[in-house]
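Chain A is the first sequence line, chain B the second, and so forth, proteins listed ahead of strands; every chain is numbered from 1.
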2 protein chains.
Amino acid sequence: MAMHTEHRPDTGAVIPPDVDDPNVNAVRFLAVDAVNRANSGHPGTPLDVAPVIYRLFTRHLRHDPADPQWPDRDRFVLSGGHASMVLYGALHLSGYDITLDDIRGFRQLGSKCAGHPERGLAPGIEVTTGPLGQGVANAVGLAVAERLLAARFNRPGHEVVNHYTYVECGDGDLIEGISAEACSLAGHLGLGKLIAFYDDNEVTLDGPVSWSSSEDITTPFLAQGWHVVRLGDVDDFEAIDAAGTAAQQRTYQPSLIVMHSHIGIGTPLHDSHKAHGSPIGEQYAQIARQLLRWPHAEFVVPDQVYQHWHDALADRAAARVDWGQRFTAYRSEYSELAEEFTRVMDGRLPSQWPTRLPSFLPDGDPMATRVALGHVLNALAADMPELVGGAADVESSTKTRLTEYEDIRRGNFAGRNIHFGIREHAMAAIVNGLAAHGGLRPFGATFFCFSDYLRGALRLSAVMGLPVLWVFTHDSIGLGEDGTTHQPVEHLAGLRARVVSLPSFELFRQRPEHERRSILPPELPAVAAASPFGWSEFADRVIGMTTFGASAKAADLFPHFGITPDAVAHAVRTLRAERGAPTQRPQ
Amino acid sequence: MAMHTEHRPDTGAVIPPDVDDPNVNAVRFLAVDAVNRANSGHPGTPLDVAPVIYRLFTRHLRHDPADPQWPDRDRFVLSGGHASMVLYGALHLSGYDITLDDIRGFRQLGSKCAGHPERGLAPGIEVTTGPLGQGVANAVGLAVAERLLAARFNRPGHEVVNHYTYVECGDGDLIEGISAEACSLAGHLGLGKLIAFYDDNEVTLDGPVSWSSSEDITTPFLAQGWHVVRLGDVDDFEAIDAAGTAAQQRTYQPSLIVMHSHIGIGTPLHDSHKAHGSPIGEQYAQIARQLLRWPHAEFVVPDQVYQHWHDALADRAAARVDWGQRFTAYRSEYSELAEEFTRVMDGRLPSQWPTRLPSFLPDGDPMATRVALGHVLNALAADMPELVGGAADVESSTKTRLTEYEDIRRGNFAGRNIHFGIREHAMAAIVNGLAAHGGLRPFGATFFCFSDYLRGALRLSAVMGLPVLWVFTHDSIGLGEDGTTHQPVEHLAGLRARVVSLPSFELFRQRPEHERRSILPPELPAVAAASPFGWSEFADRVIGMTTFGASAKAADLFPHFGITPDAVAHAVRTLRAERGAPTQRPQ
């Protein structure tokens, strides 16, 4: 117990000078008020990170609230999704379609302002974040997507794809292993247009970061080839601007800008984890209004603040108009490319496809399904230039190489094969970023068993409904000798599927009854599956196993676990007998 | 395609001098022969890492094959589980109960020598490894366990717990994010008796490490507070010994010993990823026999090699005899402690427990189930000194603090609360290590939704059957406003729960039919669940939802998704009507 007491920070509110800028405070107090009203949420981080969000949205981010889907906009990801109100506030003040009423409805049913930002609920939310570390890896994917599309579509004198990806992240994001994986790959690929702002407030939900971590988080970034800048306090606008500009100019490596900040600034919970995950309450909000010199009532933003944001964004938005003119020039010179660019950014498939799918006839030589998959992938790749992807160091086993194309690597994004390395979780979140960017149909591949390693990102892929192709090979004890550690058991049941390109209970249920009956007629009594879990809905007898597998030849494993043609036949006969049907075919 | 060609290494076999030690070659060729015989497996790493395994087992590891369960043995983890044959070979040569026939049966049904090492199949296998990175984090858990037990049981002049934890790992292990998480915590806790040997062979399954990574893997370790030593080639015995001894003496920080090695050494696949995951074949095995000067037939190990290993292990084993004498002295002075030590290392629960479980009466004030869980955990903690654990930065939300005990921290392992930090995956694998060590009943806690982040380790927990208590709170849309990113949907179905301490289809099925009927009688027609998946086996009507949830108050969410008492009642009435039973209670 002593430790808790020792670490407990001061309860007095400490206000550095110059943190009373009304254009920042508007973001801060929209967050404070919304969290208080919802009586739920995270006020501490919005209070501390508001200055950089303000500066990014009004000075650095090239975006236009009038056209949130502008293809060449800079992407912004709030990886610390719990600070969602800081994003909603900035989007509202920028003029995106988030009203004060939406903000008043923060965290309530039907509001655009969900507890954590959700792609699709409101314009300006590029990805759904909240589970920590995902946004950082999504941003790596967004930045890779920009490079891939630039390599494909830009022509001399015509830079139709040329934008930055910004990500705000906190200690939690960078402590998660997925970030180490993703940032390592970002450095490896030299993603010079990826700029991360790291909000170093030294506090996590449970307490000070020092309770669980004593490393310098930035050192690995140096080893990974990042440009690292450490600012003083987050509210030094000039320093933010200078660091941002320097990062934009650092074209050959991604940038990490470390900002020291004070969670819960302006409140008695300043620098305390108590500011992190709970409303600060009415009384502390009043104290903060005095200390930060924000005399306005709840949810009131003075006109001059709106005007300031509007004016500041004018030249940002002008860039979109300029791009439109440049795209017109591009179209007149490269009409087919321009049409293709529009097609892929709209997410439309080619008008004529697939044209080259191979056929697999039953009288051909036996072929592993993953080999067939490789042929299909390659056929699709020829028809769909937007198809890119790779594997987590199992390209050779999953057969997912696009054989006619190069590897993607630092300085050369003309290829279409990505070596994700042994980084399943980052791979999945990066693939999500590739899809979220638009213009690409990405795939990610690993052994089905290792879907366990990437499930955090896989779920978000499904939540966002992203057009990602997940390739999970080695999908049963049939993989044999690698044993229990590599044999998926109930992974299919655990995923259901809209998620994966595999037979799906979910899709099956959606079919009309006559079609379901035609596939699984009532007189069909048994279904064989590696794991019986979940099949009872559809089958009267289920043949399967209930352990984690074993290491042996596949040919030995299936009989060992009783998954055999004979067992199926026996189950059928028994059930037919129970039903009074003949158990044998007529002689 | 150009890149593949550029990166393809020489195909000529290059043999550095002094790699023909027969005591090393015995390990190498048992692996080559077993993989060839199985026609499946990973020969490359055993070839390159054999020297350090030999040196560790015969010079450094304090172990005794005659008593594999000796509580104070040094722990050894082969994190790169695909190199399993190097472990089986070393265990065989050391005199553990793994025969040449077992090795001949490598990867076949029923063999102790599974494709990847499996705890429980043979003595000397501390943990099941294969999914990369797990073993590194397990080793962190084993090392924490040693410190916890030392703090609890050692007395002045009586060091009954005092051993090292060694782990062998490769590029794949350290590239995985779980390692970054686990090694950060190891540095934070100053685990001076954790020694990692990193086999830096610069090759992964798909190709050179340089295809997907360009960072210096060791730099983050320096930032995390590790002692890092870089050796030359792995076959320099003197350098291995010196580095090992220095690491053992570095009591205040964990050690990473980096060994440069050549995958597939002695074969034409030297330094190539082609040596990684496939048998090298008979012809290359013959070449290797010539180049490495190993004239013996398949599976033949000369007597003098056995004799050398036996002699070298004699003083290792002597340490166990010495420990036995010291434990006798300890018992005579601290009989109760000695008895308690034996109890917890045997995995037995206290003879009288639980003695202080709280009661929760229906007429009491409403209480969140996680608050009740916290009370139960704390009551158990009083009865069970072996109960230790923590949360991934959600201690305050999961209510898992053991309130009467200190935090575990660098230099003080007398506490029982571990701040795992925002590292779910490492937490789970570390908890597995705590349990695998023996002497502890660990728990790990996070929100149920984030079980997705730790599923890789959770599965191994179940595969190994470790006595771990998993605490997953916030188990439905009932958590409310945090929204889809935090609301578990089908996670219960995805886990089935022998894994978690939650209602379990699996356990339910194991109960006798009369008991199942008493809980779910045939006349009970409906079950309400957050997700309907999997319930059809037990219920005729299932009430649930099929989306990923939403951000709103729990009280709004349940009716929104139609999960209400009325819906249940309606389902019951409808079904009873269908069955001809009265739909209303008698008036």
Response to the item:
Counting heavy-atom pairs under 4.5 Å with chain A, the top scorer among B/S214, B/G456, B/S397 is B/S214
Item to complete: Examine whether an atom of B/H116 lies under 4.5 Å from a heavy atom of chain A, and if so say whether it belongs to the side chain, the backbone or both; otherwise answer neither.
Response: both
Fill in: Point-to-point distance, once rounded to the nearest 0.5 Å, from CD1 of B/I175 to CG of A/D393
7.5 Å
Worksheet item: Quick one: does A/T485's side chain get under 4.5 Å of B/V463's, heavy atoms only?
Response: no
Worksheet entry | For chain A, the option from B/D216, B/I178, B/L132 that forms the most heavy-atom pairs under 4.5 Å | B/L132
Discussion item. Testing the basics here: between B/E481 and A/S40, what is the closest heavy-atom pair and its distance to 0.1 Å?
Written reply: CB-OG, 3.5 Å
Fill in: Qualifying residues under side chain to side chain contact (heavy atoms under 4.5 Å, CB included), relative to B/H560, sequence neighbours excluded
A/L109
Discussion item. Counting C-beta onward and ignoring hydrogens, is there a side-chain heavy-atom pair between B/T219 and A/L222 closer than 4.5 Å?
Written reply: no
Worksheet item: Looking at B/R410, B/E424, B/H486, B/H188, which one has more heavy-atom pairs under 4.5 Å with chain A than the rest?
Response: B/H188
Worksheet item: Quick one: what part of A/H82 sits under 4.5 Å from any heavy atom of chain B, side chain, backbone, both or neither?
Response: neither
Practice prompt. Tell me, out of A/V394, A/L185, A/N39, who's got the most heavy-atom pairs with chain B below 4.5 Å.
Written response: A/V394
Worksheet item: Given a strict heavy-atom distance threshold of 4.5 Å, which part of B/F447 is in contact with chain A: side chain, backbone, both, or neither?
Response: neither
Worksheet item: What do the steps show when you test B/C449 against A/R459 for side chain to side chain contact (heavy atoms under 4.5 Å, CB included), and what is the final call?
Response: CA-CA 10 Å; B/C449 198; A/R459 182 174 191 272; 3.7 Å; yes
Worksheet item: Between A/E215 and B/W226, is any pair of side-chain heavy atoms under 4.5 Å apart?
Response: no
Worksheet entry | Derivation of the side chain to side chain contact (heavy atoms under 4.5 Å, CB included) call for A/T204 and B/I422 | CA-CA 8 Å; A/T204 66; B/I422 306 159; 3.7 Å; yes
Worksheet item: For A/A426, is it the side chain, the backbone, both, or neither that has a heavy atom closer than 4.5 Å to a heavy atom of chain B?
Response: neither
Practice prompt. For chain B, find which of A/P131, A/P220, A/G483 contributes the most heavy-atom pairs closer than 4.5 angstrom.
Written response: A/P131
Discussion item. Taking side chain as everything from C-beta outward and backbone as N, CA, C, O, which of these in A/L205 sits under 4.5 Å from a heavy atom of chain B? Side chain, backbone, both or neither.
Written reply: both
Worksheet item: Which bit of B/T129 comes within less than 4.5 Å of chain A, counting heavy atoms only: side chain, backbone, both or neither?
Response: backbone
Worksheet item: Can you tell me how far CZ of A/F450 sits from CD of B/E176, rounded to the nearest 0.5 angstrom?
Response: 8.5 Å
Discussion item. I need the minimum non-hydrogen distance between A/S396 and B/D206, along with the two atoms involved.
Written reply: OG-OD1, 2.7 Å
Response to the item:
OG of B/S210 to CZ of A/R409, rounded to nearest 0.5 Å, is 11.0 Å
Practice prompt. Step by step, work out the side chain to side chain contact (heavy atoms under 4.5 Å, CB included) result for A/R423 and B/S212.
Written response: CA-CA 10 Å; A/R423 307 178 177 103; B/S212 56; 3.9 Å; yes
Item to complete: Mind ranking A/G172, A/G130, A/A180, A/S213 by heavy-atom pairs under 4.5 Å with chain B and telling me who comes out on top?
Response: A/S213
Discussion item. Between A/D482 and B/R107, is the side chain to side chain contact (heavy atoms under 4.5 Å, CB included) condition met? List the steps.
Written reply: CA-CA 7 Å; A/D482 275 333; B/R107 290 182 158 242; 2.6 Å; yes
Worksheet entry | Which portion of A/F221 sits near chain B, non-hydrogen atoms under 4.5 angstrom | neither
Worksheet, complete the sentence: Contacts of A/L121 meeting side chain to side chain contact (heavy atoms under 4.5 Å, CB included) (sequence neighbours excluded), chain-then-number -> A/A114, A/E118
Worksheet, complete the sentence: Comparing A/G225, A/G207, A/A223, A/G421 against chain B, the one with the most heavy-atom pairs below 4.5 Å turns out to be A/A223
